[in-house]
Amino acid sequence: MKYVVALLLAAAVAVVVTGKPTLGEQPVVDHYFGSPEPILPMTFAHADHVSESCVLCHHNYVDDTGSESCMSCHVQRDELLQVLEEQFHDLCRKCHTKKAAAGIDGGPPRRCIACHLAETEP
Amino acid sequence: MTAVFAITWLANPTMGAGVFWDGGNAIGFSGFAGLLCLAIASNRPIEMTAHKILGYAVLFVCFLHAFWFLLGDAAAAEFLKPGAPLYMWSGVLGLVLLGVVVALSLMPDRARVHRSYRAFRNWHLLLAVATVIASAYHIIGNDFYISTKLQAGLLIVLASGVMIGRQQLRKSFHPTPSSTVQYLTASIAFGALFVAMRNLTA
């Protein structure tokens, strides 16, 4: 049994490290949006979000924290990059989940690969 | 098993994330329920087989949960690498601890590691409790099916209650060698209901 457990754990580590033989589309981890560290790609289309208030995401329109694009701060500034996953999941996923709970098709609420595919080349 | 799945249905029971995602997580909840069942199916001589075989089944279910996402969602592996959220590492810790608990409970390794049966029992219980805590944090931290404080509180009360009151529960439920078949049957039934409610009722 110990060899079976060790083999399964080793296989899991191998899948995490190599990303193979995972099914379906593969995200390419890279230096997107000028990120100093490799990050997962993110899919976002303004066209899918026109019904939302702009300031829901663009907080800088009202709190005077700059006029740059989202990623120039959240990805390129080291202190924000460290909380990128937490902040963006908190904003995007919670909104999608809230809509799903209300029975509205508001985008993917959970599946990782549904959002983490590149729309643009790095 | 009933209690674990009932807690997931206390908030947004019909909110789904697709058959793949909900199916993989139904397997995970079955794994967590199995950890609690193991506390009841004790390793006293008469129930040795029940505890041992159920342990194998729960280990299989928990690995199935992990590989389901690793092999089915290419981005999921990124959430198990350095920098991943603590609740994901907690799930990894729970799985590793479960593997260690199972592997080190079998002879002759058990005798190599522990000089006395008493020492083995104490370590076995300690690691089992750590496995349940790590798994519970993994579930609550993910904040999807267990998304309210009430649900999180009930899950903690359930897990604590089973671990603390396991002696009394053993007397009530009388686990037998067939408990593993019942556990796997219940896992399939509750898992199918979990997925159907979240994907067929919208």
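Remember, it's a predicted structure, so these values are computed and weren't measured experimentally. We use all heavy atoms of the structure for the numbers below, so side chains are in, but hydrogens, waters and symmetry mates are not. Every chain is numbered from 1 and lettered A, B, ... according to where its sequence line falls, protein lines coming before strand lines.
- No part of B:Ala66 comes within reach of chain A, as not one of its non-hydrogen atoms sits under 4.5 angstrom from that chain.
- Neither the backbone nor the side chain of A:Ala6 comes within less than 4.5 Å of any heavy atom in chain B.
- A side-chain donor from one of B:His124 and B:Ser105 sits under 3.5 Å from a side-chain acceptor of the other.
- For A:Asp63, the CG atom counts as densely surrounded, since its 6.0 Å shell holds more than 12 non-hydrogen atoms of other residues, nucleotides or ligands.
- Highest contact tally toward chain A, considering only B:Asp109, B:Leu104, B:Leu106, is held by B:Asp109 [criterion: heavy-atom pairs under 4.5 Å].
- At a 4.5 Å heavy-atom cutoff, the contact between A:Glu85 and chain B is made by side-chain atoms alone.
- Between chain B and the residues A:His116, A:Glu37, A:Lys2, the largest count of heavy-atom pairs under 4.5 Å involves A:Lys2.
- Heavy-atom neighbours of chain A within the stretch residues 17-27 of chain B, taken at a separation under 4.5 angstrom, comprise B:Ala17, B:Phe20, B:Trp21.
- In the displayed structure, A:Phe44 atom CZ is contacted under 6.0 Å by more than 12 heavy atoms of other residues, nucleotides or ligands.
- Interface summary for chain A: among B:Leu70, B:Asn12, B:Leu59, B:Leu95, the most heavy-atom pairs under 4.5 angstrom belong to B:Leu70.
- In this structure, B:Phe79 has its ring center under 6.0 Å from that of A:His89.
- B:Phe29 and B:Phe190 have their aromatic ring centers separated by at least 6.0 angstrom.
- For A:Val29, the part lying near chain B is the side chain, with the backbone staying farther off; criterion is any non-hydrogen pair under 4.5 Å.
- A cation-pi arrangement is present between B:Arg198 and B:Phe194 under the rule of less than 6.0 angstrom and at most 45 degrees off the ring axis.
- Relative ring orientation between B:Phe5 and B:Trp9 is described as tilted, the plane-to-plane angle lying within the 30° to 60° band.
- We find that A:Lys99 and A:Asp105 are not joined by a salt bridge, their nearest charged nitrogen and carboxylate oxygen being 4.0 Å or further apart.
- Around the CD atom of A:Glu79, the shell of radius 6.0 Å holds more than 12 heavy atoms that belong to other residues, nucleotides or ligands.
- Heavy atoms closer than 4.5 Å to chain B are found nowhere in A:Gln82, neither backbone nor side chain.
- Both the backbone and the side chain of A:Leu9 come within contact range of chain B, judged by heavy atoms closer than 4.5 Å.
- Ranked by non-hydrogen atom pairs under 4.5 Å with chain A, the options B:Ala84, B:Ala103, B:Ala75 are led by B:Ala75.
- Defined by atom type and a distance below 3.5 Å, a donor-acceptor pair is missing between the side-chain atoms of B:Thr185 and B:Gln182.
- Applying the salt bridge (charged side-chain N to carboxylate O under 4.0 Å, His left out) rule to pairs touching residues 73-86 of chain B yields A:Arg111-B:Asp73, B:Glu78-B:Lys81, sequence neighbours excluded.
- Highest contact tally toward chain B, considering only A:Val4, A:Val5, A:Thr97, A:Leu8, is held by A:Leu8 [criterion: heavy-atom pairs under 4.5 Å].
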